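Reminder, nothing fancy here: chain letters follow the sequence lines and each chain counts from 1. Quantities reported herein were computed from a predicted structural model and do not represent experimental measurements.
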Number of protein chains: 2
Amino acid sequence: MRPRIGLMQTDSAPRTEPITRPTLADVAARAGVSASTASLAFSGSGPVSDATKARVLAAASELGYAGPDPRGRSLRRGRSGIVGVVLEERVRAAFLDPVKIQTLDGITEGIAPLGAGLLLFTDTGEEGGNAVGIESAPVDAVVLIGCSPRLAHSVEALRRRGIPAVAIEGSAGEDILQISIDNRDATRRGAEYLRGLGHTEVALVTLPFDAARTRGPLTPELERGSTVDTASERLLGAREVFPHATGRVAATSSIEEGLEAGRALLADPATRPTAIIAQSDLLAAGVLQAADELGVAVPAELSVLGFDGIRVDGLQHDLTTLVQPSVAKGRAAGEAVVRLLAGEPPASVQFTSTLHIGDTTAPPAR
Amino acid sequence: MRPRIGLMQTDSAPRTEPITRPTLADVAARAGVSASTASLAFSGSGPVSDATKARVLAAASELGYAGPDPRGRSLRRGRSGIVGVVLEERVRAAFLDPVKIQTLDGITEGIAPLGAGLLLFTDTGEEGGNAVGIESAPVDAVVLIGCSPRLAHSVEALRRRGIPAVAIEGSAGEDILQISIDNRDATRRGAEYLRGLGHTEVALVTLPFDAARTRGPLTPELERGSTVDTASERLLGAREVFPHATGRVAATSSIEEGLEAGRALLADPATRPTAIIAQSDLLAAGVLQAADELGVAVPAELSVLGFDGIRVDGLQHDLTTLVQPSVAKGRAAGEAVVRLLAGEPPASVQFTSTLHIGDTTAPPAR
DNA sequence: GGCGCCACTCGAATCGATGCGGCCTAGAAT
DNA sequence: ATTCTAGGCCGCATCGATTCGAGTGGCGCC
């Protein structure tokens, strides 16, 4: 029996504008409706007459109200509309890798139906400080790209909090959904192709095996201490065909690193391999540059096999490589996130790579 | 609603775990302290005895509590610890541009003291749908990178909401802080250098002038309809020295686009320019490739000037270019964000580019 | 032994939005 | 004119964390 105030009693009195921004309640009061109604008018998820809605919108406009506060909304809804992406390195380094970019692009495609934003994190190892880590970020889900077991602690926090996670190319944990490719099998097929051509003296240029990104000769110690599945799997695939193959470890997937590794492997004509298996196209491109520098003819004197199937700008060769569906991988991860958030438990996905035969491989010269 | 259990009634009984996740209140109850104290124990922003803190942490661990919910925290604090970044194009396109990547990296450096995450947006134009636009995202501040006036509406919403914004290379609005470089003046200096060498027949390869990214000949219509400051300014700088210079417009800053433009400009030996001013290094690299293809010697028969000062992998030349501090630009933007959030009003910053003289420029052959 | 101080802890209010159940009223049908 | 119906609208409680002022215990000092 609350006395309804006279209709005509407008709050014409110029009340002092408070320092605080207007809230939905203010708008509702101004429009003469309840906060609930005003909320419905904005979210459109309930029956509100057009007249009322117009009145609310008008009040909002007069008050300079810019729409519901995303913070309050996400608290109430339990969803923030943000998906976290964890990269293993710092932003600059991560985005120099075309595969990562393509994957990221695929993710945006995959989560498009969510209309969610992408929040970038880097697995810098140092979780301390005031930094907003994965552990304490308002994300609805997380995609881990090539992440090391170092994240186990954070992943555990995600699990506790009930935040779904999807891992691309990395063993983040037992119960984490995996999106991967046939690293091992694909490399084996590539290696078999080289063997079929007649190669026996094969060297490797691998991706880094640990977070320290040690560069140098490929040693059993490094292999054993590997925390990077991608590198290990591709190595194992090559070893299935060339059990004693060895080579160099690059610090990162880049042309420069490939160049350096290529110089080391090709420097001595006496020990020079007839073929090099690089674990990424960028590394392969670097090896090709090294061969060019040293006057080693490709493919006559040296065959080079890559991995990824990216376009390397400025490369003169048509690289023989294992083409992997980077974008599709990202998209699958995005779609998996969507399903997880919808409550449907999706299955892990394994993509396959295809061998593209270009002009950087041929039978050995000897 | 939730029946609070008696004080001494230890919950040793394996009570059925509720479907809901534990909250700070649960932890506090378990630890036998008030919610306030538990909050202080986690945030560390108040005097809590070590014993109490340990008890709270133990209780949290037992309950599987993963720390304060970021949503509730950000609601109360009014800060989310997230900085939004608006890119003008889709993710894939944006990250193919080394300058953008460097800028982004600079931003992360700049906002490091905030410990904030980076939330990516793309200025796709379509704000509708359920998408989390800039207008309704839990961000503390926003950095606009090379954004078009199309964003005016969103920028207005930001202003209303009181969210600080910084613009890099783009006129987002009147009261938006600008971080820019001397696009016009730098290009003029580069052009003057070419004129000093004796060039008079100069062609341009420009960045796109509008969101449509029209590719083709540089027409007065396109110039007039420009919504991209960077392209316009660099064009004007060139025109100050070569008033009648014309050329081609690229659809994006990439080697491929530069290659295409280069082919068009160099195809006919009769009308071939003696120098080409490219508005980015990637475009310049493409032009160099086109020259190589067509057997045009650089710099003997053709001088090429770039802009950006990035390292282009696989480029044989030492490009003459205007080196801009991309990373510093991003860092300045990040630092500006920090200051804005701290309440200190910082000033707009204008960086200057320096002319790096490489081996792609020489006096004309004629 | 008493007084006062200090460090710590507690309770309540608050932030902004939203779901819920029930009440109201306008319009239609008889 | 009266009753029925259904679409709209309302108030309240709640989400989870934080802050502020009040309170309380213990302790030192006179």
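Each ring-ring contact (aromatic ring centres under 6.0 Å, His included) pair with one or both residues in residues 23-67 of chain B, not counting sequence neighbours, appears once here: B:Phe42-B:Tyr65.
Look at CZ on B:Arg79: it is 13 Å from P on D:dT19, rounded to the nearest Å. Regarding B:Arg55, its CZ atom lies at a distance of 12 Å from the C1' atom of C:dC8, rounded to whole Å. For the pair A:Lys53 NZ and D:dG7 C1', the interatomic distance rounds to 15 Å; values are reported in whole Å. In this structure, A:Arg161 atom CZ and D:dG16 atom C1' are separated by 11 Å, rounded to whole Å. Straight-line distance from the CG atom of A:Leu40 to the C1' atom of D:dG8: 10 Å, rounded to whole Å. Regarding A:Asp50, its CG atom lies at a distance of 15 Å from the P atom of D:dG7, rounded to whole Å. A:Arg77 places its CZ atom 16 Å from the P atom of D:dG16, with the value rounded to the nearest Å.
B:Asp140 meets the side-chain contact (heavy atoms from CB on, under 4.5 Å) test with A:Arg71, B:Arg79, B:Ser80, B:Leu341; sequence neighbours excluded. By the side-chain contact (heavy atoms from CB on, under 4.5 Å) test, A:Ala59 is found to be paired with A:Val27, A:Arg30, A:Ala31, residues two or more places apart in sequence or in another chain being considered. Contacts of A:Ser49 classified as side-chain contact (heavy atoms from CB on, under 4.5 Å), with partners at least two apart in sequence or in another chain: A:Ala51, A:Thr52.
For the pair A:Thr23 and C:dA17, the criterion of a side-chain N or O lying under 4.0 Å from OP1 or OP2 is met. Taking only side-chain nitrogens and oxygens, B:Thr52 comes nearer than 4.0 Å to OP1 or OP2 of C:dT9. Phosphate proximity of D:dA17 to B:Ser39: absent, as no side-chain N or O sits under 4.0 Å from OP1 or OP2. Phosphate proximity of C:dT9 to B:Thr37: absent, as no side-chain N or O sits under 4.0 Å from OP1 or OP2. A sub-4.0 Å separation between OP1 or OP2 of D:dC9 and a side-chain N or O of A:Ser49 is present. The side chain of B:Tyr65 places an N or O atom within less than 4.0 Å of a non-bridging phosphate oxygen (OP1 or OP2) of D:dA17.
Within the helix from C:dG1-D:dC30 to C:dT30-D:dA1, the inter-axis angle between the opening and closing five-pair segments is 40°, rounded to 10°.
The side chain of B:Leu24 approaches D:dA17 more closely than any other nucleotide in the set D:dA17, D:dC9, D:dC10. Comparing C:dG11, C:dG16, D:dC9 by their nearest atom to the side chain of B:Ser36 picks out C:dG11. Ranking D:dT18, C:dA17, C:dG16 by closeness to the B:Leu75 side chain, first place goes to C:dG16.
Between the side chain of B:Ser61 and the backbone N or O of B:Leu57 there is no donor-acceptor pair closer than 3.5 Å. A:Arg161 contributes a side-chain N or O that, together with a main-chain N or O of B:Ala66, makes up a donor-acceptor pair within less than 3.5 Å.
Nucleotides of DNA chain C nearest to B:Gly32 and B:Arg76 differ in position, and the one nearer the 5' end is that of B:Gly32.
Nearest heavy atom pair, residue B:Ile82 against residue B:Pro138, reads CB-O, 3.8 Å. Considering every non-hydrogen atom in both A:Ala38 and A:Leu24, the closest pair reads CB-CD1, 3.8 Å.
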- Task: Given side chain to side chain donor-acceptor pair (under 3.5 Å), test B:Ser36 with B:Ser39 step by step and report yes or no.
- Result: CA-CA 5 Å; B:Ser36 343; B:Ser39 172; over 6 Å; no

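Taken from CD1 in B:Ile111 to CG in B:Leu118, the straight-line distance is 5.0 Å, to the nearest 0.5 Å.
Across all strands shown, A:Ala35 has heavy atoms under 4.0 Å from base atoms, whether or not it also approaches the sugar-phosphate.
Against DNA chain C, the stretch residues 66-73 of chain B makes no heavy-atom approach under 4.0 Å.
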